[in-house]
Amino acid sequence: MANAQATRPPKPDYEPPPINGDFYGIATVLNDKERALVQRVRAFTEGVVAPVIEEFWSRDEFPFAIIPKMAEIGIGGVGYQGYGAAGGSWLLNGFVAMELARADSSVATFWGVHTGLSAGSIYLCGDEAQKQRWLPAMMRFEKIGSFGLTEPLVGSATSGGMLTTCRREGDVWILNGQKKWIGNATFADINVIWAREEGSNQVKGFVVAKDNPGFSVEKIKTKMALRVVQNGLITLKDCRVPEADRLQNANSFKDTAKVLRMTRTGVAWFAVGCAMGAYEHALRYATERQQFGRPIGGFQLVQDLLVRMLGNVTATQAMMLRLGQMQDEGVMLDEHASLAKAFCTVKCRETVGHARELLGGNGILLENHIGRFVADAEAIYSYEGTREMNTLIVGKSITGLSAFV
């Protein structure tokens, strides 16, 4: 045995290069103030989120202690102007989304639902009094929001087939129906609910408090993805909402679509961040894992997987960089956001699969991180518009022919 040990090759003297998922340096387009915010986000994710996220993911629970720390770094309402929001550009909003998802897609989704879908509905569809009433507390993360659109029997067809109804009785609206897969719903203070008005069939938006009579939430359990996100099944049973809590500038599904157009870009950024995180974990593993006397990163097939991953990450980063610029320029259309969401989520799914393959059997262990990214990519792939629905939006744009049924 001693002779066998003596004949083993010595451990290589190897110092790997720094790990950097931004291979083309897209962050250089940001100014110093913007880069400082992104660095604060990274310090938050690496110092606060990373040490606890595996435990909370495995327990299907949310780490509420991170919320005040998230508020401290100033990412409430990036891209919004006024009402205590962080301000800045939509491109900066995308970089924040990417950084959060690079660490954990659930934490990114919590932020996206709260400051994007929920606060965004009020920002785009509320009147001035409503914005002043709700947004400042939401920007400080003192009041958490949810967004209720999807239903148990209606997902992609919400534009014309929404089953949740509302009817007006004097200065009160009566809401009935259910909303499913609603992120943050189990603990949100402010729930934006979309409902179809009886008679006119127009979609309207409401802000419903968690203690509103007729409003109840049941946590959705046994999820295989985004386990840290607390998704709920909301039931509205003769839920009475005052006219003052109806979003005054939400009078049709076209107004709902304005919110979705704004936030769909964020989900595409989440996909890029998820892929970026998986690539960086896989690269680190490849430089540390020893087989046959040297790091596995020195083998051709492993390098092939790494370069495939990096290519996907870099291509989607470049796509999102331009999309963010278009959003700030005011020229982004629905089809632009849809192409990004469809393409980036497909490439994310492919990238995390390569990462799992690189780690072999170790890739399914939560302690090696990759399994969480693989599972969470499945949810990002589906929510905020499936690949198929986004494909039809783009297809209609480029052909002039609608393939919707």
Side-chain angles (χ1 to χ4, degrees), residues 5-30 35-36 38-54 57 95 98-105 107-108 269-318 320-321 347-377:
Q5 290 177 342
T7 59
R8 289 177 181 170
K11 185 177 180 179
D13 183 13
Y14 167 65
E15 183 65 32
I19 293 174
N20 181 14
D22 186 4
F23 196 62
Y24 276 15
I26 65 167
T28 58
V29 304
L30 301 177
R35 283 197 295 271
V38 174
Q39 286 302 315
R40 290 200 300 274
V41 176
R42 180 162 294 197
F44 162 74
T45 58
E46 294 184 348
V48 177
V49 175
V52 303
I53 199 63
E54 310 293 352
W57 197 94
F95 272 88
M98 181 175 68
E99 278 296 322
L100 291 171
R102 172 183 169 271
D104 182 69
S105 297
V107 171
W269 279 106
F270 291 166
V272 179
C274 181
M276 185 179 178
Y279 161 74
E280 290 183 349
H281 281 301
L283 177 56
R284 183 174 294 107
Y285 182 89
T287 61
E288 295 174 353
R289 173 70 168 173
Q290 298 274 332
Q291 288 290 282
F292 308 107
R294 58 182 174 134
I296 64 171
F299 293 101
Q300 292 179 358
L301 293 179
V302 172
Q303 290 192 358
D304 177 68
L305 288 173
L306 289 169
V307 174
R308 287 172 184 264
M309 284 186 271
L310 181 59
N312 285 346
V313 170
T314 304
T316 52
Q317 284 174 340
M320 294 309 301
L321 171 60
K347 290 303 175 185
C348 172
R349 211 180 190 193
E350 182 179 297
T351 301
V352 299
H354 288 327
R356 215 292 305 161
E357 182 180 353
L358 188 149
L359 267 68
N362 284 336
I364 67 172
L365 292 174
L366 194 57
E367 65 197 53
N368 290 320
H369 314 295
I370 298 299
R372 175 166 52 90
F373 283 84
V374 171
D376 288 348

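Heavy-atom basis, side chains included; hydrogens, waters and symmetry copies ignored.
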Say whether, by atom type as modelled, one donor and one acceptor occur between the side chain of [X] and the main chain of [Y] under 3.5 angstrom.
X: Arg356; Y: Gly363; result: no
X: Glu99; Y: Thr45; result: no
X: Gln303; Y: Gly297; result: yes
X: Asp22; Y: Ala27; result: yes
X: Glu280; Y: Gly21; result: yes

Rounded to the nearest 0.5 Å, how far does [atom2] of [Y] lie from [atom1] of [X]?
X: Leu305; Y: Leu283; atom1: CG; atom2: CG; value: 12.0 Å
X: Asn368; Y: Leu359; atom1: CG; atom2: CG; value: 5.5 Å
X: Thr28; Y: Arg35; atom1: OG1; atom2: CZ; value: 7.5 Å

Checking Asp304 now: which residues fulfil side-chain hydrogen bond (donor to acceptor under 3.5 Å, both in side chains) with it, not counting sequence neighbours?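 Scan of Asp304 (side-chain hydrogen bond (donor to acceptor under 3.5 Å, both in side chains), adjacent residues dropped) gives Arg308.
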
Residues forming a side chain to side chain contact (heavy atoms under 4.5 Å, CB included) with Ala355, sequence neighbours excluded: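 Residues passing side chain to side chain contact (heavy atoms under 4.5 Å, CB included) with Ala355: Ala278, Ala282, Met309, Ile370.
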
Applying side chain to side chain contact (heavy atoms under 4.5 Å, CB included), can you list everything that pairs with Glu46, at least two apart in sequence or on another chain?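 By the side chain to side chain contact (heavy atoms under 4.5 Å, CB included) rule, Glu46 matches Arg42, Arg102.
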
Geometric class of the His369/His281 ring pair [parallel <30°, tilted 30-60°, perpendicular >60°]: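 Ring orientation of His281 relative to His369: parallel.
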
Enclosure of Ile364 CD1 (heavy-atom neighbours >12, cutoff 6.0 Å):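 Counting other residues, nucleotides and ligands, CD1 of Ile364 stays at 12 neighbours or fewer.
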
Note, [X] side chain near [Y] side chain (heavy atom, < 4.5 Å):
X: Leu100; Y: Phe44; result: yes
X: Gln290; Y: Pro295; result: yes
X: Met320; Y: Ile26; result: no

Cation-pi geometry met for Arg294 and Phe299 (6.0 Å, 45°):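 Yes, Arg294 and Phe299 form such a contact.
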
Assess whether side chain to side chain contact (heavy atoms under 4.5 Å, CB included) is satisfied between Val41 and Phe95, documenting all intermediate values. CA-CA 10 Å; Val41 176; Phe95 272 88; over 6 Å; no

Compute whether any side-chain donor of one residue and acceptor of the other, for Trp57 and Asp376, lie under 3.5 angstrom apart.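 Yes.
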
Side chain to side chain contact (heavy atoms under 4.5 Å, CB included) partner of Thr316, the single match among Met98, Lys347, Met276: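 Only one of Met98, Lys347, Met276 forms a side chain to side chain contact (heavy atoms under 4.5 Å, CB included) with Thr316, namely Lys347.
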
Could you check Val352 against Cys274 for side chain to side chain contact (heavy atoms under 4.5 Å, CB included), going step by step and ending with a plain yes or no? CA-CA 8 Å; Val352 299; Cys274 181; 4.2 Å; yes

Nearest atoms (heavy-atom pairs only) where Val313 meets Tyr279: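 Heavy atoms only, the tightest pair is CG2-CB, 4.3 Å.
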
Of the non-hydrogen atoms in Ile296 and Tyr285, which two are nearest, and what is the gap between them?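 Result for this residue pair: CD1-CE2, 3.9 Å.
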
